[in-house]
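Contents: one structure, followed by commentary.
Numbering of ligands and ligand atoms starts at 1, following listing order. FYI, the numbering just counts along the sequence from 1.
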Amino acid sequence: MRKELIAPCGMNCCICLAYLREKNKCPGCRGSDKNKPITTAKCKIKTCSKLNSKFCYDCNDFPCDRLNHLDKRYRTKYHMSMIENLKFIQTNGIKQFLKQEEERWKCPDCGGVICCHNGICFSCGLEKLKDRKRLYRWED
Ligand SMILES: [Zn+2]
């Protein structure tokens, strides 16, 4: 995991479905907007005019309504928090954060990265899913 892949909002792009997938792969929030899903390219946090450093925590409005809203959605649906991520980076630095994230999202079976959006390891989990589908395709 690299620091360039940590978005201003505290999202770790390395564990995002759009970054991990093979088809229409997203280069990460800080990457080029070419080939990016429109919702990501137009993200109002990454293009926010109040953003005055690499991360939202340096903003006077931190955490703003927009970030709170996003954070709430992720806490509820994906068991992670952008705001917690940002506070951790602010206190412990980006290196420690990346180390923690690598451990947190590491697949226990192969050491690959587990996607926060669907909980699947993109190194070995996709193969397992395919196998499972084959296993249950009894109708033909
Ligand atoms: Zn795995």
Worksheet item: Any sub-3.5 Å donor-acceptor pair from R66's side-chain atoms to H69's backbone N or O?
Response: no
Checklist line | Under 3.5 Å donor-acceptor, N92 side chain and F88 backbone | finding: yes
So is K87 actually on top of Y57's ring, under 6.0 Å and inside 45° of the axis?
no
With a cut-off of 2.8 Å, strictly less than, protein N/O/S atoms near the Zn ion (ligand 1) add up to 4
Please examine the side chains of L98 and L5, heavy atoms only from C-beta on, and report whether any two atoms are closer than 4.5 Å.
-> no
Q | Heavy-atom closest pair, residues E102 and K106 | A |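 That closest heavy-atom pairing would be O-CB, 3.1 Å.
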Sequence neighbours left out, what passes side chain to side chain donor-acceptor pair (under 3.5 Å) with H117? Give chain and number order.
->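 Only Y74 meet the side chain to side chain donor-acceptor pair (under 3.5 Å) criterion with H117.
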